[in-house]
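The structure appears below as structure tokens.
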Number of protein chains: 2
Amino acid sequence: MNSFTNRIPDAAVRRFSLYLRYLEDFERSGIRNVASGVLAERGGTTAAQVRKDLSFLGSFGKRGLGYSVAELTGVLRGVLGLDSVWRVALLGAGRIGTALFRYEPFRARGFHITTVIDNDPGKIGTRLGDVTIRGEHELESALQDDRTDLVIVAVPAAVAQALVDRVVAAGIRAVLNYAPTQLRLPGDVALRNVSMMVELESLSHALARLRR
Amino acid sequence: MNSFTNRIPDAAVRRFSLYLRYLEDFERSGIRNVASGVLAERGGTTAAQVRKDLSFLGSFGKRGLGYSVAELTGVLRGVLGLDSVWRVALLGAGRIGTALFRYEPFRARGFHITTVIDNDPGKIGTRLGDVTIRGEHELESALQDDRTDLVIVAVPAAVAQALVDRVVAAGIRAVLNYAPTQLRLPGDVALRNVSMMVELESLSHALARLRR
DNA sequence: TCCTGTTTGTGAAACTGTTCACAAGTGGAA
DNA sequence: TTCCACTTGTGAACAGTTTCACAAACAGGA
């Protein structure tokens, strides 16, 4: 009975992404209904967790039956903002930036990389896929012209903060950061960090403990 | 006064990685002591958080002065298991795998990618940097021969689980997963997932809320 | 219609992580 | 030596998240 008016816990939102992925698998397999326990088993969590998560969105499961795959898929797409196209700018066309650019599932989910910025003179003017790489000096105009919603940062740590300050000043409200540095930005800008070093080191911590 | 015998919260361990990064910057700048507030400001957290985190490791700050950069660096390296070399196998030499392989900071931190596995016949036998790519059928022998500590999964979701089952059976106890699927594995195997879709979708959720 | 087996939705309890607030050290100046 | 400005370490309060447990709803069969 918990409705849209309330804020949804961040931990739950992240699981929604996973649930949606599994529901799409089920949909492809022609499965029409799915119980919380099935979704839980697939996602490495518990049935109670799944039900609690979904209860933040309202209540549209059928007792005794489970959830309609089609309906739940639709609701999750809506909540995750996947019912519209998001225009994405990629800052940095190095190895990581290029790998991200070519990652197909982005486009399938409605994330269109329409802008690529790099400061290497050898790259400016060349194409990455169907996008022409532009120089850093064009950042603001590119973000504006392309009506960018969201920025992915894949530049060296040393230049990331300065670039992001400009991005925020240009009105962008969502940043996905791959640079190995903690960006500081206003509270009303959504930021997510992805760091392979942090994950790796948390693993080596676990391993080191095991060894003792 | 909290000593090594206790388990350290996962959230704290992940912040240790960040603290260490900043401490290394400070060390390079010749700064010898650092207060919790300074570390906090750099890492986008609070002074109390920093002190609480560090208290899990013992107590070696000096009241009125802060922490010795050199000492703290050493302690964090130890806790994160960075005082030895870890031998890493990379499964999947596609775009993401290749980008990971070439990511220099790994090696600097003591993570040596000694094994690369791919099932593309066109790639088997070719080299990636100084490592020869081997076929999937050699997985077990490669892990054994190279005395692998840790495995990075960068293969398509469809084949990830089967491959990881073999990896676990071969005795590996730490897995870093880039495949967009939730791997199921025994409780005594440490697993970390890195998913750009989850992060992106959590951003688009935030944006979609903003729009309402 | 009634019974049975299944599954949801949700308060309450348990747990985990974060923030607060302050006594207790510390170095340096007077 | 005494004082002062500063900073740690840590219980306690608080906030957020997960798990538990069970009444209520439903489908299908007898």
Side-chain angles (χ1 to χ4, degrees), chain A residues 1-19 23 26 31-69 71-72 75-76 79 182 187 198 202 205, chain B residues 1-19 23 26 31-69 71-72 75-76 182 187 198 202 205-206:
Chain A
M1 214 119 302
N2 216 318
S3 188
F4 279 66
T5 48
N6 302 339
R7 182 191 145 276
I8 300 167
D10 205 65
V13 172
R14 302 168 63 90
R15 280 188 298 268
F16 288 159
S17 289
L18 302 178
Y19 299 157
L23 286 167
F26 291 140
I31 296 169
R32 304 184 95 81
N33 288 284
V34 68
S36 57
V38 175
L39 220 37
E41 205 231 342
R42 189 76 155 68
T45 175
T46 65
Q49 175 84 81
V50 170
R51 291 202 302 276
K52 182 64 95 180
D53 285 347
L54 296 182
S55 78
F56 289 115
L57 308 179
S59 86
F60 34 74
K62 288 249 188 312
R63 296 175 187 218
L65 249 192
Y67 301 86
S68 150
V69 171
E71 185 185 6
L72 195 47
V75 170
L76 289 180
V79 169
Q182 190 64 36
V198 169
S202 121
H205 163 74
Chain B
M1 214 118 301
N2 215 319
S3 188
F4 278 69
T5 48
N6 303 340
R7 181 190 146 276
I8 300 167
D10 204 67
V13 172
R14 301 168 63 89
R15 281 188 297 266
F16 288 159
S17 287
L18 302 178
Y19 300 157
L23 286 166
F26 291 141
I31 295 168
R32 305 184 94 81
N33 289 284
V34 68
S36 57
V38 176
L39 219 37
E41 205 230 340
R42 189 77 155 66
T45 175
T46 66
Q49 176 84 79
V50 170
R51 292 201 301 277
K52 182 65 95 179
D53 285 348
L54 296 181
S55 78
F56 290 114
L57 308 179
S59 86
F60 35 73
K62 288 248 189 310
R63 296 173 187 221
L65 248 193
Y67 301 87
S68 150
V69 171
E71 186 185 6
L72 195 47
V75 171
L76 289 179
Q182 189 65 35
V198 169
S202 121
H205 164 74

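Lettering follows sequence order; numbering is per chain, from 1.
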Within-4.5 Å side-chain heavy-atom neighbours: [X] and [Y]:
X	Y	result
A/Ile8	B/His205	yes
B/Asp53	B/Thr45	no
B/Pro9	B/Phe56	yes

At under 4.0 Å, does any side-chain N or O of [X] touch on OP1 or OP2 of [N]?
X	N	result
B/Ser36	D/dT8	yes
A/Arg51	C/dG9	no
A/Tyr67	C/dG9	yes

Report the distance from atom [atom1] of [X] to atom [atom2] of [N], rounded to the nearest whole Å.
X	N	atom1	atom2	value
A/Leu57	C/dT10	CG	P	12 Å
A/Asp53	D/dT18	CG	C1'	10 Å
B/Asp10	D/dT17	CG	P	15 Å
A/Arg32	C/dT7	CZ	P	19 Å

Please pick, from [options], the nucleotide with the shortest atom-to-atom distance to any side-chain atom of [X].
X	options	result
B/Arg15	D/dT19, C/dT7, C/dT18	C/dT18
A/Lys52	C/dT18, D/dT19, D/dT7	D/dT19
A/Gln49	C/dT10, D/dT19, C/dA21	D/dT19

Work out which heavy atom in B/Ser202 is nearest to a heavy atom in A/Arg14; give both atom names and the distance.
->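 Answer, listing the atom of B/Ser202 first, then A/Arg14: CB-CG, 4.5 Å.
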
How do A/Pro9 and A/Ala48 order along DNA chain D: which one's closest nucleotide is nearer the 5' end?
->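 By nearest-heavy-atom nucleotide position, the 5'-most residue is A/Pro9.
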
B/Leu54 or A/Thr45, whichever maps to the more 5' nucleotide of DNA chain D =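 The residue closer to the strand's 5' end, by nearest nucleotide, is B/Leu54.
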
Base, sugar-phosphate, or nothing: which does A/Thr46 touch, judged by heavy atoms less than 4.0 Å apart?
->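 It contacts sugar-phosphate atoms only.
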
Summary of protein contacts for nucleotides 25-30 of chain D, nucleotide by nucleotide, where a base hit scores B, a sugar-phosphate-only hit scores S (4.0 Å, heavy atoms) = BB----

To the nearest 0.5 Å, tell me how far A/Glu71 CD sits from A/Leu76 CG.
->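 Spacing of CD (A/Glu71) from CG (A/Leu76) equals 10.5 Å.
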
